[in-house]
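Let me begin by handing over the structure; questions about it come next.
Naming: A, B, ... by sequence-line order, numbering from 1 per chain.
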Amino acid sequence: MKNLVIVESPAKAKTIEGFLGKDFTVKSSFGHIRDLPSKKLSVDVENNYEPDYVVPKDKEAIVRELKKLSKSAELVWLASDEDREGEAISWHLQEALGLKDDKVRRIVFHEITKSAILNAVENPRGINIDLVNAQQARRILDRLVGYELSPVLWKKVKPNLSAGRVQSVSVRIIVEREREIENFQATSAFRVRAYFNVDGMEFQADLSKRFDTLEETRTFVAGCENASFSVSDLQKKPGKRTPAAPFTTSTLQQEASRKLGFGVTRTMKVAQDLYEQGSITYMRTDSVNLSDLAINAAKDEIVKLYGEEYAKTRQYSSKSKGAQEAHEAIRPTYMDKKSVKGDAGHQRLYDMIWKRTIASQMQDAKLERTTVNINVSSSDIGFVANGEVIVFEGFLKAYLEGTDDETEDTKGMLPNMTIGQGLDAGKVEGMERFSQPPARYTEASLVKKLEELGIGRPSTYAPTINTIINRNYVVKEGKDGVEREYGYILLDSDGIKEEVKTEITGAEKTKLFPTDIGKVVTDFLVENFTDILDYNFTAQVEKEFDEIAEGQKEWTSMIDSFYKPFHKTTVHTSENAKKATGETLLGVDPASGRNVYSRLGRFGPMVQIGEAENEEKPKFASIPADQRMEEVTLEQALELFKLPRDIGEFEGEQMTIGIGKYGPYVRHNKGYVSIGDEDPMSITKETAMQLIIARREELKKMLINEFADGEDVIQVKNGRYGPYIAVGKKNYKIPKGTEPESLGLVECKEIIAAQPDRPKRGARKKK
DNA sequence: CAGTGAGCGAGCTTCCGCTTGACTT
């Protein structure tokens, strides 16, 4: 073999191999191949921050293969991405494979096109060690922050918690938004709207001023009853709209959320599939750049579909902080391809990418905006109608970007009118409108915010959100709205009518809410580690990483000047800070006269009667998952102490209701059955009995067959992942094509014997 | 699978960013 090329992704390897011909073998490293082991800090803070890099278990095989191939190759071309992480991957490869400098060529390209690849091969360079050092600084800073902060939380808040440069700020964003909403005081004002009809075309106009009170509104609307209306001014202005830039990871996630209702994880999974089948370019990118090839292909397609006048090619430039632009924007590989493999979700995401890319190379939409001022004879205040007409569709023919805020007024067409023209108002209505609290974040709008702050990378947006949800800092859920009254006055041909109407406000679906733990941890970190929780912390260290990459700063001294004071703070906090429990005094227990508190305990949110320091031991009860610690009242707290409670007998055994580690349950005859959404305080004996019977049925369905094998019981069961064989606590797979019903004792034993005890893999089990 | 919450002390937890499958009961 003459040449070995190593890239990061196997799909990329396949494409590139086609461009380079038979003298080149292209392989993939599957991302990073060495890292700091997770068991310990692995950074020698006493010895100039010497990192201890190792090849992780799951990378041993690939490193072995690459080592073998590189031995037999004349030249090894390191073709990882041209950014900080990519440069580090190349460096680690050279180190781990033990490659001499003269055998190594470093090449880079921003787009996977034949000319870009061939050009890269013509222009190799060496590894840029400054860029590598910037990555090492990034990696080691993150390790030091994460591994020194988390233990402080274990000690001061609760075991198993985590903190880090990215996740802790992400949680803070959610927590602060929730507090803004909690503290929000809605104000209201009366909007007056008149409906006109000209030549059979209806349109609406709003009064240029809103009234503070119902009285003012009533006076004004009443004045309209015998007033005359006329056009006092009319202005037409040309306007335009320009298409949005092609997709990056962040904008793809946002738009898939708005238009398709996808969560960020689903978007990335579907995009990965499209990438692997060769339908789109790489899906983890912060660049809005398109290759010349792509721009020309888009133009051809536009001309073919819509005509020459619809095409306008353009190059966009990235606005996001810290963009590294190692790839193209996300676009179809072939612009003339309209359908893809996979389900409807794949097709819809692909359509969106196709339209967005096409639209980005199309003409602006030309508009005509009209403003009409309308006089009322009974008042100095006038109405204003806004209209918008599309003169030339341009890119709107293909695609329009969605918006996050749902504004209610959509501008439409206005009829032809002239100044001085008299108008008839069909009706005039005054309606109380309220100011809106800031919106809670969705997964996608959080990603947008993180990107604006320069926090996280395209490859980490989706995993970061999963982390803060899995750690129980944040929950994704909906919320019922509450009814609100508003004043309403209507003037029409029947005269004036006034009423109090109601509307639902504050309803949410699948938004991010902070948990009690998320709030307590955020407050603790903001108080004690203000710098790291600062929204600009990442931006500041990124500036220093850039200086390292430029060769203007030495990475270990940068880390040292960060770590020295940081470490001091962790030690100081560890020794001096009070435990953070979010304790709130709810009131006094009428039965005992002792104080009742809500607070965070070692196992989560709970309520407590009495203090630990006192003679008499305090009583404790957990707060169920659907209740917020901050919202628990004294009455609700006292209710919680009524559990566990007996609710009567079934088959001669007592049924007891309680709330356990896994939620509310009914215990009966030493067994436990989850009661799901039933209220543990009010569940009846009959409901509980039904649940127990239903659970028995379920278990019966799960059990396909059962055999006695000496001491052991062998069971053939139906599980979440299909049928399996269970013996004691061990489970065994049933080979494909075997009917589980057909298995007898002998067959089961054969299957068990054929499957040696698997090594317990992955100590990382997360509940 | 199913009360625990104080304190003792063993041993454990934890980061971010780059990539895909293997595998789950």
- Starting at CD of A:Glu60 and ending at P of B:dT20, how long is that distance when rounded to a whole Å? 21 Å
- Task: Examine B:dC15: is either OP1 or OP2 under 4.0 Å from a nitrogen or oxygen in the side chain of A:Ser150? Give yes or no.
- Result: no
- Report yes if at least one side-chain N or O of A:Arg471 is closer than 4.0 Å to OP1 or OP2 of B:dC15; otherwise report no. yes
- Query: Under the 6.0 Å and 45° cation-pi test, does A:Arg471 pair with A:Tyr473?
  - Reply: no
- Message: Can you see if the side chain of A:Thr460 gets near the phosphate of B:dG17 - specifically, an N or O under 4.0 Å from OP1 or OP2?
- Response: yes
- Query: Do we count A:Trp154 as stacking onto B:dT13 if the rule is ring centres under 5.5 Å and planes under 30°?
  - Reply: yes
- Task: Measure the CZ-OH distance between A:Phe620 and A:Tyr597 for me, rounded to the nearest 0.5 Å.
- Result: 11.5 Å
- Query: Between B:dG17 and A:Arg143, is there an OP1 or OP2 to side-chain N/O distance shorter than 4.0 Å?
  - Reply: no
- Query: Within the structure, does a side-chain N or O atom of A:Lys39 lie under 4.0 Å from either OP1 or OP2 of B:dT13?
  - Reply: yes
- Task: For A:Gln135 and B:dT19, give me the distance from atom CD to atom P, rounded to whole Å.
- Result: 13 Å
- Query: If you look at every strand shown and take non-hydrogen atoms under 4.0 Å, does A:Val166 touch a base, only sugar-phosphate, or nothing?
  - Reply: sugar-phosphate
- Side-chain N or O of A:Ser459 less than 4.0 angstrom from OP1 or OP2 on B:dG17? no
- Message: Using the side chain to side chain donor-acceptor pair (under 3.5 Å) definition, which of the options A:Glu544, A:Glu85, A:Glu542 pairs with A:Arg138?
- Response: A:Glu85
- Query: Has A:Arg172 got its NZ or CZ under 6.0 Å from the middle of the six-membered ring of A:Tyr535, at an angle within 45 degrees of the ring axis?
  - Reply: yes
- What integer distance in Å separates A:Glu583:CD from B:dG5:P? 16 Å
- Task: Look at the side chain of A:Asp35 and decide which nucleotide, out of B:dG5, B:dC16, B:dT14, has an atom nearest to it.
- Result: B:dC16
- Between B:dT4, B:dC18, B:dT20, spot the one nearest the side chain of A:Phe603, thanks. B:dT4
- Message: With a 4.0 Å cutoff (strictly under), does any side-chain N or O of A:Arg284 reach OP1 or OP2 of B:dT19?
- Response: yes
- Would you call A:Tyr147 stacked on B:dT14, i.e. ring centres under 5.5 Å apart with the planes less than 30° off parallel? yes
- Item | Heavy-atom closest contact (A:Gln136 atom, A:Pro51 atom, distance) | OE1-CG, 3.8 Å
- What nucleotide, of B:dC15, B:dG5, B:dC18, holds the atom closest to the side chain of A:Glu8? B:dC18
- Item | A:Arg457 vs B:dC16: side-chain N/O to OP1/OP2 distance below 4.0 Å | no
- Query: Quick one: is B:dT19 close enough that its OP1 or OP2 comes under 4.0 Å of any side-chain N or O from A:Tyr275?
  - Reply: no
- Write down the distance between CD1 (A:Ile623) and P (B:dG5), rounded to a whole number of angstrom. 16 Å
- Task: May I ask whether A:Phe620 stacks on the base of B:dG5, given the cut-offs of 5.5 Å between ring centres and 30° between planes?
- Result: no
- Calculate the interatomic distance between A:Lys617 atom NZ and B:dT4 atom C1'; express it in whole Å. 11 Å
- Message: B:dT20, OP1 or OP2 - any side-chain N/O from A:Gln272 closer than 4.0 Å?
- Response: yes
- Provide, to the nearest angstrom, the distance between the NZ atom belonging to A:Lys619 and the C1' atom belonging to B:dG3. 15 Å
- To the nearest angstrom, the CG-C1' distance between A:Asn160 and B:dG11 comes to 12 Å
- Message: Closer than 4.0 angstrom, basic N to acidic O: yes or no for A:Lys40 and A:Asp52?
- Response: yes
- Task: Check every strand shown and say whether A:Gly610 touches a base, only sugar-phosphate, or nothing at a heavy-atom separation below 4.0 Å.
- Result: nothing
